[in-house]
Amino acid sequence: MRRRAVLRVSGGTEQPREYHHRIMPTEHAPERVIASPDEDFPRWYQDVVAKAELAEGGPVRGTMVIRPYGYAIWERMQADLDRRIKEAGASNAYFPLFIPESYLRREAEHVEGFSPELAVVTHGGGRELEEPVVVRPTSETIINASFAKWIHSHRDLPLLINQWANVVRWELRPRLFLRTSEFLWQEGHTAHATRGEAGEFALKILREVYEDFMVDVLAIPVLTGRKTARERFAGATTTWTCEAMMRDGKALQMGTSHELGQNFSQAFDITFLDDQGRRNHVWQTSWGVSTRLMGALVMAHGDASGLCLPPAIAPVEVVVLVVRAEGGTVERAESIVAELRSKGRRVELDARADTSFGRRVVSWELKGVPLRVELGPRDVAGETAVLARRDTGTKSTVPMGELAGRVSEELRASQQAMLANAVLRRERATSEASTLDQAIAAAQKGFAVLPASLLASGGEERLNSAGVSVRCLRRSDGSLPDAEVPEGADDLEGAGGADGKLVAIAAKAY
RNA sequence: CGGGGAGUAGCGCAGUGGUAGCGCACCUGCUUUGGGAGCAGGAGGUCGCGGGUUCGAGUCCCGUCUCCCCGACCA
């Protein structure tokens, strides 16, 4: 039975000497607020999403209502990614939700890949439509129809477009954020004069936008690599991916960046005249990250107390909690809030006198707020405040005059510690394998690293039938392999480059 | 599509033919508030839908719809 965590308080009138202590268990054990992540991880995930007020299911199966707190986190992700995407040179635009069904058909692999999960509109205005329209599962086709109109000359290139939108992929097994029939995302689409330039851009997005964001902001380490042909995006020549490890030992694909070659430019006849007057098809990329990142945040950092947010993404960095509304605590709390806000901190005041202190603490913990300032009459009398960190659970008493400085310090430390811990957890969950059987065994608790040559002649198929998938291919020194080469054994054995052999990262995955 | 379950208050559930219940949540009041507080009072239901059996159906029978889980399919 889980024990409730209880605060041990020391005398507030002591001189403001610094000390730390862990939260201690108590005798009373009320019913748990959320399921234990160790005992029932899926249930724990659902509980956290619900209790942190991130999202809930919509009336149609597979749909999702993103609640204000969850959406605030998503908005912060959007803002940060949007800035990075623009720094990479792309401009935002918006394309229609409805796509003529015929567009999807133009690229053979694309239509084959997406057909099973399309939502198709057959009626409009009370009549059957002459040509059904599909609700976009992704926008390659409709955006490329525009590209064909916009691009005429090498002077029009590169064309770098990004769209923030919702997309629909009908899902039979939905899970909030991780797999829903409708989700929100960003999709970038670019056109370039040469294959080399397109390839470089796809990698630039992968590393300088996606990986940097995931590591620096979300504090989630990712393995970058290339997808196998089997896992590749429908219509791409190469798919690059960011793969993360969740706390239950399963992998999550957090973002992908594709080289599309000339597949779509040929299908949609996107051509340009080069400086020699020759007509060429453009080389393209597309790339996206979605609200799935929300699921990653929950599962990479969450713990038995709920969500745990890295300060950089937290809508509320600090909550100032009035323990009880007496002895001038409210006024003092308000002035602390004002001071922290003036220093640019995102702060919320919790002075609710009608809800017990314990309940409020638990609720802020569930929401993953990185730092709490707890202020009671004893603190006010002693000119101190209690500072509590969400990620470590540690509390310390801080002299009032040092509070603002300590808040900044702790936020910085928390961001760093969360990343370091996530890296450590991933390392513990990663093991080497030299046979398929070893890989399958290792993948039960995390990433299995195996020679990519084992995937040939049915090897990948064997992993899949054991519920294990190849998350990505990379070099044994951790660097990215070459872009896709023609299918077959060469793909797996020959593309490692001179620096090292190609390894496969395999895992159970969401 | 195959197999298995479930539909009763916002959520989770009990209720083997005789007054529609419990826990949590919600509302009011008082006492509380340093890790999900206590007491008292209160509100909330066409028991998925349609038919049948019966003096009487949440309960039994027939039909129907929906949802969930496992598998299959899929990223």
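Each chain gets a letter, A, B and so on, in the order the sequences are listed, and its residues count up from 1.
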Expressed in angstrom and rounded to an integer, what is the separation of [X] atom [atom1] from [N] atom [atom2]?
X      : N     : atom1 : atom2 : answer
A:E53  : B:A25 : CD    : P     : 14 Å
A:D354 : B:U28 : CG    : P     : 10 Å
A:I34  : B:C24 : CD1   : C1'   : 17 Å
A:R359 : B:G34 : CZ    : C1'   : 17 Å
A:L366 : B:G35 : CG    : C1'   : 12 Å
A:E326 : B:U32 : CD    : P     : 10 Å
A:L375 : B:U33 : CG    : C1'   : 14 Å

So [X], base contact, sugar-phosphate only, or nothing? Heavy-atom distance under 4.0 Å.
X      : answer
A:T355 : base
A:A325 : nothing
A:L321 : nothing

Quick one: the side chain of [X] and the base of [N], do they pair up donor-acceptor inside 3.5 Å?
X      : N     : value
A:R372 : B:G35 : yes
A:K395 : B:G34 : no
A:R324 : B:G34 : no

Expressed as a whole number of Å, how far does the [atom1] atom of [N] sit from that of [M]?
N     : M     : atom1 : value
B:A6  : B:G48 : C1'   : 11 Å
B:C26 : B:C69 : P     : 28 Å
B:G21 : B:U53 : P     : 28 Å
B:A40 : B:G35 : P     : 25 Å
B:C13 : B:C27 : P     : 24 Å
B:G4  : B:C74 : P     : 25 Å
B:U28 : B:U64 : C1'   : 44 Å

Would you list the atom pairs, donor with acceptor, under 3.5 Å between side chains in residues 168-175 of chain A and any protein atom, with sequence neighbours excluded?
residue: A:R169; atom: NE; partner: A:P137; partner atom: O; Å: 2.7
residue: A:R169; atom: NH2; partner: A:P137; partner atom: O; Å: 3.0

**Set of side-chain contact (heavy atoms from CB on, under 4.5 Å) partners for A:R332, sequence neighbours left out** =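 A:R332: side-chain contact (heavy atoms from CB on, under 4.5 Å) contacts with A:S335, A:I336, A:L375, A:V380, A:E383, A:M400.
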
**Side-chain N or O of A:S356 closer than 4.0 Å to phosphate OP1/OP2 of B:A37** =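 A:S356 to B:A37 OP1/OP2: side-chain N or O found under 4.0 Å.
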
[N]: pairing nucleotide in any strand, Watson-Crick or G-U under 3.5 angstrom:
N     : value
B:C1  : B:G71
B:G17 : none
B:G35 : none
B:G56 : none
B:U64 : B:G48
B:C26 : B:G42

**Prompt:** With A:F264, which residues qualify under ring pair (Phe, Tyr, Trp, His ring centres under 6.0 Å), at least two apart?
**Reply:** A:H110

**Partners meeting ring pair (Phe, Tyr, Trp, His ring centres under 6.0 Å) with A:Y45 (sequence neighbours left out)** =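 For A:Y45 there are no ring pair (Phe, Tyr, Trp, His ring centres under 6.0 Å) partners, ignoring immediate neighbours.
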
**Asked** Using 30° and 60° as the class limits, which term best fits the ring planes of A:W164 and A:W74: parallel, tilted or perpendicular?
**Response** perpendicular

**Message:** Check A:E410 with A:R406, please: is the shortest side-chain N to carboxylate O separation under 4.0 Å?
**Reply:**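 Yes.
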
**Asked** Are the charged groups of A:D437 and A:R462 less than 4.0 angstrom apart, N to O?
**Response** yes

Only distances under 3.5 Å count here; give the side-chain donor-acceptor pairs of residues 291-308 of chain A to other protein atoms, sequence neighbours excluded, each with its distance to 0.1 Å.
residue: A:T291; atom: OG1; partner: A:L184; partner atom: N; Å: 3.4
residue: A:T291; atom: OG1; partner: A:L184; partner atom: O; Å: 3.4
residue: A:R292; atom: NE; partner: A:L178; partner atom: O; Å: 3.1
residue: A:R292; atom: NH1; partner: A:Q253; partner atom: O; Å: 3.3
residue: A:R292; atom: NH2; partner: A:L178; partner atom: O; Å: 3.2
residue: A:H301; atom: NE2; partner: A:L218; partner atom: O; Å: 2.8
residue: A:H301; atom: NE2; partner: A:A219; partner atom: O; Å: 3.3
residue: A:D303; atom: OD1; partner: A:S305; partner atom: N; Å: 2.8
residue: A:D303; atom: OD1; partner: A:G306; partner atom: N; Å: 3.3
residue: A:D303; atom: OD1; partner: A:R390; partner atom: NH1; Å: 3.4
residue: A:D303; atom: OD1; partner: A:R390; partner atom: NH2; Å: 2.7
residue: A:D303; atom: OD2; partner: A:R390; partner atom: NH1; Å: 2.9

**Message:** So if I define the base as every atom that isn't primed, P, OP1 or OP2, how would nucleotides 70-75 of chain B read as a B/S/- string at a heavy-atom cutoff under 4.0 Å?
**Reply:** BBBBBB

**Message:** Let's see if you can work this out: which of B:G35, B:U33, B:G34 has an atom nearest to the side-chain heavy atoms of A:V362?
**Reply:**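 Side chain of A:V362 sits closest to B:G35.
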
**Request:** Tell me which nucleotide among B:C67, B:G34, B:G35 gets nearest to the side chain of A:R378.
**Result:** B:G34

**Request:** Could you say whether A:R352 or A:R61 is positioned toward the 5' end of RNA chain B, judged by the nucleotide with the nearest heavy atom to each?
**Result:** A:R352

**Asked** Can you tell me if A:S469 and A:R471 form a side-chain donor-acceptor pair at under 3.5 Å?
**Response**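 A:R471 and A:S469 do have a side-chain donor-acceptor pair below 3.5 Å.
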
